[in-house]
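The block underneath contains the structure these notes are about, expressed in structure tokens.
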Amino acid sequence: MDLRSELLKSIWYGFTALDLEKSGKVSKSQLKVLSHNLCTVLSIPHDPVALEEHFRDDDDGPVSSQGYMPYLNKYILDKVEEGCFVKEQVDELCWTLTAKKNYKPAKDNNNVLPGKDAFHLWSLFNFLSEDKYPLVMVPDEVEYLLKKICMAMSVELNCVELEDFISQDAVQQNGFTVWSFLEMMNTGKITRGMGQEITSMAIEEVYREIVADVLKEGYLWKKSQLRRNWKERWFTLRPITLDYYTSEDRKERQGSIALDGNCCVEVLPDRDGKRCMFCLKTLSKTYEMSASDTKQRQEWTAAIQTAIRLHSEGKTSLHKDLKLKRREQREQREKRRLAKEEEQQRFQALQEEKEHKLAELELLKEAQRQAQALLEQDEMRRRQHHEEMQQALEVQLREAKESRATMQAEMVLKEEEAERQRKRIKELEEMQTSLEEALQQEIKARQDEEVFRYAQTGLLSEEEDKMKALMALQEEQEEYILKTQREKQELRQEMENKSRALEEAQRQLEEVRANRYRVDQDVVAAQRKLRQASTNVKHWNVQMNRLMRPIGPGEKRPSGGGSFSSFQIPSQRDPGLRLRQRSEEQDEESKENMDNNSSSAGSGCEGERVERRLSQASNGDMDIP
């Protein structure tokens, strides 16, 4: 719990004390007075105009706690510096405001606590209360606080009276409020009629231990650093300092020893007429002290070591740490309790389910006995049926073996046919390789021809109209190529289907014979078209040579063939091979036409030649020599 949370608990009581009508709102004039007093006890400058400016947009009505919190955080709590004020003064201010309204003990009761003791108990309640509003304290923390007070009075806690008070409905539902706690203390049943002075001393001792963070205090003999003489001093041990005073009223402080992780405590042997000695070592000094007896020395050394440990762990308060641990233990106990209840509910559900299943099991056993007789009858009928089925299966097995032998013989024949088909495919692949080599040679010749075409770039402008026609022809040629490729793919698919469908070999053989006749006719037509194309190529080569060399006066036009001649494809006897060769030749012619269109766009004569060859190819007039 940080300093801001501690201050907010006390300020909450002061704010609620100003809410006389219990409406949750306080007037601005009262908030001004409260803010001014808080700034005074917290030792921070007070800005009287800040509250008006903060609520300038609001009406003149009262302000709720939610509306006051932003102002309190911004203009007061954010400016608070730890160590620059006395927290007890803040608590006294808030106690004075809330006690006038809420603390009204019966005047005829002789066990009524004095105002100072009530204030100390109120401060202890705030320290041990839960961090939620309205502030309440759980019964475990109340019992812990009462045990500390009774231990200081050297009496045992009256647990019966405490349990009777806890058993009240309001306490069980919401926990202890500070006013119900003070009412219980004023009854005197908890303190068992102890004297008022003893009760006040015990409450003050517990207050200083828990709220003021006093780990231990009492008289010790201390050896002076200068004169080396022994003096009795009142020592007060806190987690960060060990202060010593002239007397127990703590009005005149003689010194303070800062504690940190470098300090240590050692027990010393008796000497100089002093017994039960020990020393506190710091980085700069060593302080020698003497206790009244061995028990006091042990308590002081243990308390100082606890303070050093808290400082090393970065903790400023022992009881804050203990409070957090007790809260964690309560949460763990609550979790274990809920888990136990859940386990019991689960066990009860399992028990009920078990009983239900046992009843179902009895019913199932009865049904099983009835079904057993039916199963025996069904078993007899099933055995008879099984024997009949076994005999029928034996007959079917013999028939299956005979069919398997027949199918194996057929498979051997089909595998032989497949092997012949694979050999044909291999021959076709070899022929395709030779055709590709011839195509590469022609491509090289075309590349040589491009050197001459570069000289004819001046004719590009004249051939733009012809190029448009060429583009249209190229699209038609691409469609023709795609059609040819689809036919080629269909042929390949047909060949693969022949190799897979061995059971239809005889029927496919008849189809191949029929296709062979049609392919022979196609090959004859293709050869005629190739011969016509070769004649046209020679003619255009002659025309190109005439264009390459200008004709002088009196000279005759030379006649002759082109610079290259088209290759001839050997005739094939196999109709399937001829059909594959025809599709590949058509692919090669399409590629040639596309290459000519891209490389000789500016050649007029070559454009006419390509256009004429494409038109002849489309009309089907090209022959093979």
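Each residue takes its place number in the sequence, starting with 1. Below, all heavy atoms of this structure are taken into account, side chains as well, without hydrogens, waters or symmetry copies. Values in this document were obtained by computation on a predicted structure and should not be read as measured data.
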> So, Glu209 versus His319: side-chain donor-acceptor pair below 3.5 Å or not?
Replying inline: yes
> Rounded to the nearest 0.5 Å, what separation is found between the OG atom of Ser403 and the CD atom of Gln396?
Replying inline: 11.0 Å
>> Given 3.5 Å as the limit, does a donor-acceptor pair link the side chain of Tyr219 with the main chain of Glu248, or not?
In response: yes
> Which heavy atom of Ala202 sits nearest a heavy atom of Ala152, and at what distance?
Replying inline: CB-CB, 3.7 Å
> Can you check whether Leu128 reaches Arg326 side chain to side chain, under 4.5 Å on heavy atoms?
Replying inline: yes
>> So does Cys39 get a backbone contact from the side chain of Ser43, meaning a donor-acceptor N/O pair under 3.5 Å?
In response: no
> Hey, is the main chain of Ala302 close enough, under 3.5 Å, to the side chain of Thr306 for a donor-acceptor pair?
Replying inline: yes
> Does a salt bridge link Arg337 with Glu341, judged by any charged N lying under 4.0 Å from a carboxylate O?
Replying inline: yes
> CH2 of Trp179 to NZ of Lys101: how many Å apart, nearest 0.5 Å?
Replying inline: 10.0 Å
>> Contact between Tyr103 and Asn186 at the side-chain level, heavy atoms closer than 4.5 Å - yes or no?
In response: yes
>> Tell me if the aromatic rings of Phe181 and Trp122 count as close, with their centers under 6.0 Å from one another.
In response: no
>> Minimum heavy-atom separation for Ser256 and Thr241, please, with both atom names.
In response: OG-CB, 3.8 Å
>> Between Thr301 (side chain only) and Gln298 (backbone N and O only), is there a donor and an acceptor less than 3.5 Å apart?
In response: yes
> At their closest point, which heavy atom of Tyr207 faces which heavy atom of Ser123, and how far apart are they?
Replying inline: CE1-CB, 3.5 Å
> Which atom pair, heavy atoms only, marks the closest approach of Leu7 to Val90?
Replying inline: CD2-CG1, 4.0 Å
>> Between Glu92 and Phe119, is there a side-chain heavy-atom distance shorter than 4.5 Å?
In response: yes
>> Return the CG to SG distance between Leu280 and Cys263, rounded to the nearest 0.5 Å.
In response: 5.5 Å
>> I'd like to know if the side chain of Arg275 and the backbone of Ser292 have a donor-acceptor N/O pair within less than 3.5 Å.
In response: yes
> So does Leu18 have more than 12 non-hydrogen atoms from other groups sitting under 6.0 Å from CG?
Replying inline: yes
> Ion pair present between Asp293 and Arg297, side-chain N to carboxylate O less than 4.0 angstrom?
Replying inline: no
> Between Glu353 and Leu350, is a side chain to side chain contact (heavy atoms under 4.5 Å, CB included) present by the stated rule, with each step listed?
Replying inline: CA-CA 5 Å; Glu353 186 179 359; Leu350 289 175; 3.9 Å; yes
>> If only side-chain N and O atoms count, and only distance matters, is there a donor-acceptor pair under 3.5 Å linking Thr236 with Asp243?
In response: no
> Are any non-hydrogen side-chain atoms of Leu38 and Tyr75 less than 4.5 angstrom apart?
Replying inline: no
> Passes ring-ring contact (aromatic ring centres under 6.0 Å, His included), Trp234 versus Tyr245? Steps please.
Replying inline: CA-CA 5 Å; Trp234 178 268; Tyr245 304 85; 8.6 Å; no
> Taking NZ, NE, NH1 and NH2 as the nitrogens, is one of them in Glu313 or Arg309 under 4.0 Å from a carboxylate oxygen of the other?
Replying inline: yes
> Taking everything shown except Glu197 itself, do over 12 heavy atoms lie less than 6.0 Å from its CD?
Replying inline: no
> Charged N to carboxylate O under 4.0 angstrom, Glu343 versus Arg346?
Replying inline: yes
>> Would you say Thr177 and Ser180 are linked by a side-chain donor-acceptor pair, where the criterion is simply a distance under 3.5 Å?
In response: yes
>> Using the ring centroid of each side chain, check whether Trp12 and Tyr133 are separated by less than 6.0 Å.
In response: yes
> In terms of side-chain geometry, is the basic nitrogen of Asp213 or Lys315 positioned less than 4.0 Å from the acidic oxygen of its partner?
Replying inline: no
> Would you say Gln348 and Gln344 make side-chain contact, with heavy atoms under 4.5 Å?
Replying inline: no
> Roughly how far, to the nearest 0.5 Å, is CG of Leu310 from CG of Leu259?
Replying inline: 10.5 Å
> Quick one: does Phe125's side chain get under 4.5 Å of Glu141's, heavy atoms only?
Replying inline: no
> Does Asn102 reach the side chain of Tyr13, with side-chain heavy atoms less than 4.5 Å apart?
Replying inline: no
>> Can you see whether Lys9 engages Ser129 through a side-chain donor-acceptor pair at a distance of less than 3.5 angstrom?
In response: yes
>> Checking Val206 against Leu124 for the side chain to side chain contact (heavy atoms under 4.5 Å, CB included) test, could you report, in this order, the C-alpha distance in whole Å, the side-chain angles of both residues, the deciding distance, and whether it holds?
In response: CA-CA 8 Å; Val206 176; Leu124 288 167; 4.1 Å; yes
> If you look at every heavy atom in Ala118 and Leu182, which pair is closest and at what distance?
Replying inline: O-CD2, 4.1 Å
>> Is there a side chain to side chain contact (heavy atoms under 4.5 Å, CB included) between Asp78 and Arg4? Walk through the geometry before answering.
In response: CA-CA 9 Å; Asp78 288 347; Arg4 181 185 290 261; 2.6 Å; yes
> Going by an N to O cut-off under 4.0 Å, is there a salt bridge joining Lys147 and Glu143?
Replying inline: yes
>> Between His356 and Glu352, do the side chains contain a donor N or O and an acceptor N or O under 3.5 Å apart?
In response: no
> With a 4.0 Å cut-off, would you call Glu379 and Arg382 a salt bridge?
Replying inline: yes
> Is it true that Arg330 and Glu130 make a salt bridge, defined as a side-chain N closer than 4.0 Å to a carboxylate O?
Replying inline: yes
>> Working note: Lys216 + Trp300, criterion side chain to side chain contact (heavy atoms under 4.5 Å, CB included); need CA distance, chi angles, decisive distance, verdict.
In response: CA-CA 7 Å; Lys216 187 173 179 57; Trp300 274 105; 3.5 Å; yes
>> So, taking the atom named CG in Leu374 and the one named CD in Glu376, what distance separates them when rounded to the nearest 0.5 Å?
In response: 9.5 Å
> Is there a donor-acceptor contact under 3.5 Å from the side chain of Lys323 to the main chain of Phe127?
Replying inline: yes
>> What's the separation between atom CG in Leu97 and atom CG in Asn37, rounded to the nearest 0.5 Å?
In response: 7.5 Å
> Take atom CZ in Arg404; do more than 12 heavy atoms of anything else shown fall under 6.0 Å from it?
Replying inline: no
>> Looking at every non-hydrogen atom in both residues, tell me the closest pair between His311 and Pro239 and how far apart they are.
In response: CB-O, 4.2 Å
> Is any side-chain heavy atom of Arg333 less than 4.5 Å from a side-chain heavy atom of Arg336?
Replying inline: yes
